[in-house]
Amino acid sequence: MQKLDYTGIGKRIRQARKAKGMSQDALAKKCGICLSFMGHIERGTRCMSLETFANICSILESDAEELLFGIPNLSGHELKKIWTSSREKNSSYAMYIRIMQSVAEIMSST
């Protein structure tokens, strides 16, 4: 079982909040917690309830795995944007396809 790094979780929450252009106070109010507690969460000095974490994920439109472990979970729309932009760079597109085929082969053999 992977141990939770509360400092890392707090940093990722802060990054997601800032990326949304939201203040710490605004996020705290939307979550129904006080500003001081939100500060503790972002510093990793206090643990939050599952309900508070779920609210943060929902409000920031962030995936739980991304906030907990730093593992990005790209949506279908985001993946489509990546593939579309790679097609525009024709010389790179063939390389991407070969890489993805190699990854798929490795994944299916394990």
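Keep in mind that what you see is a predicted model, and the values were worked out from it rather than measured.
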Output the distance between atom [atom1] ([X]) and atom [atom2] ([Y]), rounded to the nearest 0.5 Å.
X: Leu35; Y: His40; atom1: CG; atom2: NE2; value: 10.0 Å
X: Glu65; Y: Cys57; atom1: CD; atom2: SG; value: 11.0 Å
X: Ser36; Y: Asp25; atom1: OG; atom2: CG; value: 11.5 Å
X: Met48; Y: Ile13; atom1: CE; atom2: CD1; value: 4.0 Å

Exercise: identify the closest heavy-atom pair between [X] and [Y]:
X: Leu27; Y: Met38; result: CG-CE, 3.6 Å
X: Cys31; Y: Ile59; result: SG-CD1, 3.6 Å
X: Ser62; Y: Ala16; result: OG-CB, 3.7 Å
X: Arg17; Y: Leu60; result: CA-CD2, 3.6 Å
X: Arg14; Y: Glu42; result: NH2-O, 3.1 Å
X: Leu67; Y: Arg12; result: O-NE, 2.8 Å

Would Ile9 and Phe69 satisfy side chain to side chain contact (heavy atoms under 4.5 Å, CB included), going step by step from the backbone distance to the final call? CA-CA 7 Å; Ile9 293 167; Phe69 306 113; over 6 Å; no

So Ile33 and Ile41, side chain to side chain contact (heavy atoms under 4.5 Å, CB included) or not? Walk me through it. CA-CA 11 Å; Ile33 61 175; Ile41 291 170; 3.8 Å; yes

